[in-house]
Amino acid sequence: MTKTFEALGIPFPLFAAPVTQARGYINQGQCTVCNSSAEHCFRLGIGCFVVVPCSHCNTAVGLDADDRVSGTCPECGVTVPFPKAEGNITTCYSCLRQGRAAIGKDSAFGMISWQQAMEGVTHGAPELEAQGYELIDKGDDWYGVRLPKELMLELLRTPSYVTWQGDVWQFCCGAPMSFIGEWSKADFNNAAQDGAGRALFAQVMSEDALMVWDRNDLGEGSYCYVFRCPGCKALKAHMDMS
Ligand SMILES: [Zn+2]
Ligand SMILES: [Zn+2]
Ligand SMILES: [Zn+2]
């Protein structure tokens, strides 16, 4: 078993999986945000933002970490320059947790990055269904989901996870779930009360997905990414293929 962030002393409420499953984690790096050499850094790529306070009114302004260009304060119109950076754009744990950087996510409710958190509505998807959530009609059968801004910001202060085909963050009880790992058969067997991992897998995924289990593909070409609800403790998951 590899360590979790909690074991390293840098916990994330929504990321309980082993550190090796976090995308863009670097154990020693140069933080673009506070411009210092720091332990426990995360690379900021496409969909990620550096969050800089406006020099005039102190409003937090998100600057696209991939574009690396200055922005304009939405409150007072002052130009907010992108921090000086050579090479990769990186945030340290401390800056990330203070909300001075934002790691964008793809989710079951569509993309969530800085703009979406500011609006309190996910980017959404065509004909999106989300029972128990308020849907926002964006036109052309495209729907976003309204979520509390604090919950969206917490998700952006969380690393994403390594996948083959992209992250799909899951929701339960009105909030983002906690990512607990890419699970093998052994992980499902360990988590099932009576060692019946196959039944747990069917419950978390679907009966139809059992062919993956029965073909011994799990962790061998098919990958299952598992989340736990911090509220009701339910599990949800999605799969992809290499
Ligand atoms: Zn920093
Ligand atoms: Zn301003
Ligand atoms: Zn729940």
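Numbering starts at 1 and runs along the sequence shown. Counting starts at 1 for both ligands and their atoms, following the listed order.
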Between the side chain of Lys105 and the main-chain N/O of Thr158, is any donor-acceptor distance below 3.5 Å? yes
Please report whether the ring centroid of Phe42 lies less than 6.0 Å from that of Phe5. yes
Has Cys54 got an N/O/S atom less than 2.8 Å from the Zn ion (ligand 2)? yes
Metal-centred angle, SG of Cys232 through the Zn ion (ligand 3) to SG of Cys173, rounded to 10 degrees: 110°
So that I can tick it off, tell me whether Arg97 and Glu154 are bridged by a salt bridge, with the cut-off set at under 4.0 angstrom between side-chain N and carboxylate O. yes
Below 2.8 Å, can you find an N, O or S atom of Cys31 next to the Zn ion (ligand 1)? yes
Relative to each other, are the rings of Tyr93 and Phe12 parallel, tilted or perpendicular (30° and 60° limits)? perpendicular
Which value, rounded to 10°, describes the SG(Cys92)-the Zn ion (ligand 1)-SG(Cys95) angle? 100°
